[in-house]
Each structure stands twice: as C-alpha cells, then as structure tokens.
Amino acid sequence: MAMPDPEVTIDLWSPLRWLQRGARDYAANPLPGVLHGSLMALFGIIVLVALRDRFWLLAGALSGFLIIAPVLASGLYAVSWYLERGQKVCCQEVLALWASGDRRLIAFGLLLALAGTGWVFTSAALITLWAPVPIERPLDFVRHVVLAPDIGLFEVWLLLGAWLAAPVFASSVMALPMMVDTPTPLWRAVGESWRAVGARPVVMGLWAVVIAVLVGVGMALAMVGLVVVVPLLAYASWHAYRDFERAGLITPMREPRA
C-alpha cells in the first residue's frame, strides 16, 4: 500500500478544488464530455416532452435518470485517467470500457435502479396519502405540494428524499471511479466509499449538496445545462477519489491497469 501524501488535504475547500480540476479536464479534452453531456441532456428533454402531463411517470423517469446517471457517465473517469498520464483520448477508450461488460458496473447499475424504484414508490405513497387532492400532473405537484400553505408534506418529502439518497451517495461516490480505475471488487469498493464518507462526513456532505445544486441548475436550464454539468461533475468526482486515495483515507486494490 502506498504511503499517504502529506501534501494532500481534504477540507471544506476541497469540493471547489475538485470542480476546478474537473473544469480543467473538460477544457483539455472537451469532446468526450460534450458527447456524454449532450446525450444526457437529450434524454432529459425527451422525457420532459413525452411525459410533461403525467407526473408519476415523469417523476419515475427523472428519478431513475438521476440515480443511474453516475454509472452512465463512468466512461468519463477513463478520460481523466488518461489525462493524468498526459494522454488525450476520445470515444474509442470510453467505448472499450463499456464493451468490456464489467460485471461490477452492471451489478451496481442494477442496484441503483432498484434504489430508484424504491424511492418512486415511497414518494408516491407519501404524496398520495398526504396530498389534499390527487396529484396527476406536474402542475398539481407544484400547487398542492410545493406551494401548499401548510408546512408539512413538501418538507417531509424533501427530508425523505435526502434520507434515501444519502446511502446511495455514500455507496457510489468513491466506488464508481474506483471500479473504473482498479480491479477492486464491488463489495469492497462500496465499503471504501462508505469509509471515505465516514472519514470526512462534513466535506462529503458539502460535496453532495454541491452535486445536487449543480444538477438542479443543469436541469432547470431546460436540461441543456447538463452538457456542462454532467462531465464537470464526473471529472471532479474522479479528482475527489484520487485525493482520498492519496490522503490514505481509502485503499483500493491497486494493480496495473490493462
């Protein structure tokens, strides 16, 4: 195991540094990020247009999209891996990652899909039982849940969402880049991810908020903002993972990459 680098610190300024490095990676090799972000934005636009008047289908599709998006963007970790070695790559290396059929990534994606499904059903049950009127369209949700004069439903809905999202974040924030970078088994990668969150809970909580805010801004900009946000967060997440490893806070199974 490599000795921790004393020059690497994980503090409240770390998320900003990760974003700065992510922006640098995006600028150094923009095409893979633009392609990934454009595909994500296009999918989001199609979902919004197709399901704009069907709240529960829209909520389910967007929830699943947000939870699976880190797995779909994991090809960008390979871009950062090569950039660390002074190499610019495009689509061939990213496609090679997906063509490899890595069972760890597939299994993790399925687990995240199950988590997303659980959130949709839990959210539907809460709102159906509590809302004063049936919620059938997005406008109904805004009027009777978000803008409800009484405090309660919307706040509980947000807290429940955060409570369910927290373990998903803790399980994936280090696990995904670790599995792209190393042959670390899925169970160990998830354990190391939780270890990272436990080692720096305030920093990682702040990082989770930053991710949520940036994704929200990207979606609010008619999904077009995801062209920038998705690759920026993917590259920044890679640098977060590398900082945690260099600081000795996580220990992936380090072997030469094929």
Side-chain angles (χ1 to χ4, degrees), residues 10 14-15 18-19 22 36 40 60-78 80-81 97-98 100-123 158-216 229-254:
I10 309 294
S14 292
W18 298 334
L19 289 173
H36 271 77
M40 297 285 189
L62 289 180
S63 297
F65 168 69
L66 292 174
I67 290 177
I68 297 297
V71 177
L72 298 178
S74 60
L76 295 174
Y77 301 140
S80 287
W81 189 93
L97 173 67
W98 291 113
S100 66
D102 192 323
R103 294 183 178 180
R104 299 170 303 162
L105 292 176
I106 294 172
F108 198 59
L110 292 174
L111 291 173
L112 291 178
L114 287 175
T117 302
W119 158 244
V120 171
F121 280 114
T122 303
S123 173
L158 286 177
L159 290 173
L160 179 62
W163 182 71
L164 293 175
V168 173
F169 171 80
S171 298
S172 60
V173 63
M174 296 290 155
L176 284 170
M178 187 181 296
M179 287 188 288
V180 171
D181 184 38
T182 72
T184 305
L186 172 57
W187 62 269
R188 176 168 172 176
V190 171
E192 289 296 314
S193 192
W194 277 86
R195 180 184 172 196
V197 174
R200 295 291 187 274
V202 176
V203 175
M204 296 311 285
L206 176 61
W207 182 228
V209 171
V210 169
I211 291 173
V213 170
L214 288 179
V215 170
V229 169
V230 167
L232 175 63
L233 289 178
Y235 295 141
S237 295
W238 169 266
H239 289 289
Y241 154 71
R242 295 292 285 132
D243 273 3
F244 268 83
E245 182 185 6
R246 290 174 179 139
L249 298 175
I250 56 174
T251 54
M253 290 177 59
R254 178 60 60 188

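Residues take their numbers from the sequence shown, with the count starting at 1.
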Does the side chain of [X] reach to within under 4.5 Å of the side chain of [Y], using non-hydrogen atoms?
X	Y	answer
V210	L214	yes
L105	S74	yes
P252	E245	yes
I211	F169	yes
S237	V173	no

Distance (rounded to the nearest 0.5 Å) between [X] [atom1] and [Y] [atom2]:
X	Y	atom1	atom2	value
M204	M174	CE	CE	4.0 Å
L76	H36	CG	NE2	4.0 Å
M179	S172	CE	OG	9.0 Å
Y241	T182	OH	OG1	5.0 Å
T184	I250	OG1	CD1	9.0 Å
I106	L186	CD1	CG	11.5 Å

Inset, instruction - Return the set of residues passing ring pair (Phe, Tyr, Trp, His ring centres under 6.0 Å) with F108 (not counting sequence neighbours), or none when no residue passes. - result: none
Inset, instruction - Answer with yes or no whether the side chains of T251 and R195 bring together a donor and an acceptor at under 3.5 Å. - result: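 R195 vs T251: donor-acceptor pair found between side chains.
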Legend entry - Mutual orientation of the aromatic rings belonging to W18 and W207 [parallel < 30°, tilted 30-60°, perpendicular > 60°]: perpendicular
Nearest heavy-atom neighbours spanning [X] and [Y]:
X	Y	result
A115	V168	CB-CG2, 4.0 Å
G109	V71	CA-CG2, 4.2 Å
A73	M40	N-CE, 4.0 Å

Legend entry - Donor-acceptor contact below 3.5 Å, side chain S171 vs main chain P167: yes
Inset, instruction - From the options W81, Y77, F244, select the one residue that forms a side-chain contact (heavy atoms from CB on, under 4.5 Å) with P177. - result: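 Single pass found, and it is Y77.
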Inset, instruction - Given ring-ring contact (aromatic ring centres under 6.0 Å, His included), test Y235 with W238 step by step and report yes or no. - result: CA-CA 5 Å; Y235 295 141; W238 169 266; 9.7 Å; no
